Amino acid sequence: MAYNIREFIRRAKSMTLGEILKAAREEGRRAEQTASGRGTREARDAGSLDYARKLGRLLFILQYERLPDGLSSENDLFREEYEAYHELIIDLVERGELEPAWLSLFPE
């Protein structure tokens with residue numbers, strides 16, 4: 001399994017909001033389980049725990065309509081992740097799945 005949040009976002013663009021929430025929960029759970037079971041070292045090395053955390057942050061955003069602390073375009077550790085979430089929110093707004101007010105989470 002590729003543990004890549006950008007790939008998840010790409011796939012999410014063809015899903016409804018409900019499908020995104022379900023897929024993020026399921027993939028996050030699988031990534032965590034993979035890291036704690038057989039092949040643990042390989043899964044961790046492949047980024048399974050990091051991927052599970054990123055999916056958790058995406059779920060937080062979508063469930064609470066706010067960004068987790070520290071997640072911003074100005075934080076170098078999270079810039080790419082921030083941009084991926086922003087891209088998804090724009091897509092969901094354009095498709096009418098979310099209200100335009102959601103865009104205020106990502107000031108330019």
Side-chain angles (χ1 to χ4, degrees):
M1 173 179 211
Y3 300 110
N4 184 312
I5 195 66
R6 282 261 180 214
E7 176 59 25
F8 180 86
I9 298 298
R10 187 191 64 73
R11 286 184 287 116
K13 288 182 175 184
S14 66
M15 300 177 195
T16 65
L17 179 57
E19 291 168 337
I20 293 167
L21 292 168
K22 182 179 179 188
R25 284 187 199 105
E26 289 174 357
E27 284 196 31
R29 187 171 32 255
R30 271 196 309 273
E32 287 176 345
Q33 289 172 346
T34 301
S36 64
R38 185 177 283 222
T40 300
R41 181 183 201 128
E42 293 84 5
R44 273 197 307 259
D45 289 348
S48 64
L49 290 177
D50 186 50
Y51 182 62
R53 285 186 205 107
K54 288 176 181 177
L55 290 171
R57 287 190 284 270
L58 175 61
L59 286 168
F60 180 90
I61 293 166
L62 294 174
Q63 291 172 331
Y64 298 106
E65 196 175 340
R66 61 183 286 257
L67 298 179
D69 291 340
L71 185 67
S72 75
S73 64
E74 296 176 9
N75 185 333
D76 288 341
L77 293 173
F78 295 109
R79 182 173 292 126
E80 184 177 337
E81 189 178 340
Y82 174 92
E83 291 169 358
Y85 301 146
H86 186 195
E87 183 181 314
L88 180 60
I89 297 300
I90 289 170
D91 182 71
L92 288 167
V93 168
E94 288 176 350
R95 291 190 286 135
E97 292 271 345
L98 295 176
E99 295 294 322
W102 278 76
L103 297 174
S104 66
L105 293 175
F106 300 91
E108 298 293 326

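Given the structure is predicted, the values throughout are model-derived calculations rather than measurements. Atoms considered below: every heavy atom in the structure, side chains included; atoms not considered: hydrogens, waters and symmetry mates.
Within the model, atoms CZ of Arg11 and CG of Asn4 stand 9.0 Å from one another, a figure rounded to the nearest 0.5 Å. Here the NE2 atom belonging to His86 is positioned 9.5 Å from the CD atom belonging to Glu83, to the nearest 0.5 angstrom. Rounding to the nearest 0.5 Å places CG of Asp50 at 10.0 Å from CG of Leu55. Summarising the geometry, atom CD belonging to Glu26 is positioned 11.0 Å from atom CD belonging to Glu19; distances are rounded to the nearest 0.5 Å.
Among residues two or more places apart in sequence or in another chain, the salt bridge (Lys or Arg N to Asp or Glu O under 4.0 Å) test is passed with Glu87 by Arg6, Lys13. Not counting sequence neighbours, the partners of Arg10 by the salt bridge (Lys or Arg N to Asp or Glu O under 4.0 Å) test are Glu7. With sequence neighbours excluded, no residue satisfies side chain to side chain donor-acceptor pair (under 3.5 Å) with Asn75. Residues that satisfy the side chain to side chain donor-acceptor pair (under 3.5 Å) test with Tyr82, not counting sequence neighbours, are absent from this structure.
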query = Hey, mind stepping through Ile61 and Trp102 against side chain to side chain contact (heavy atoms under 4.5 Å, CB included) and telling me if it holds?
reply = CA-CA 10 Å; Ile61 293 166; Trp102 278 76; 4.3 Å; yes
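In the hydrophobic cluster analysis, where Ile, Leu, Val, Met, Phe, Trp and Tyr join through side-chain heavy atoms closer than 4.5 angstrom, Leu77 is grouped together with Tyr3.
Within the structure, the side-chain hydrogen bond (donor to acceptor under 3.5 Å, both in side chains) test picks out the following pairs touching residues 57-70 (sequence neighbours left out): Arg57-Glu81.
Within the 4.5 Å cutoff, the side chain of Tyr85 has heavy atoms near those of the Lys54 side chain. Contact of the Leu58 side chain with the Phe8 side chain is registered, since non-hydrogen atoms from C-beta on lie closer than 4.5 Å.
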Side-chain donor-acceptor pairs of residues 88-97 under 3.5 Å, sequence neighbours excluded:
residue, atom, partner, partner atom, Å
Asp91, OD2, Arg95, NE, 2.8
Asp91, OD2, Arg95, NH2, 3.0
Arg95, NH1, Met15, O, 2.9
Arg95, NH2, Met15, O, 3.0
Glu97, OE1, Leu17, N, 3.1

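Of all the heavy atoms in Leu71 and Leu67, the pair that sits closest is O-CD1, 3.6 Å. In this structure, Ala52 and Glu32 approach most closely via the heavy-atom pair CB-CG, 3.5 Å.
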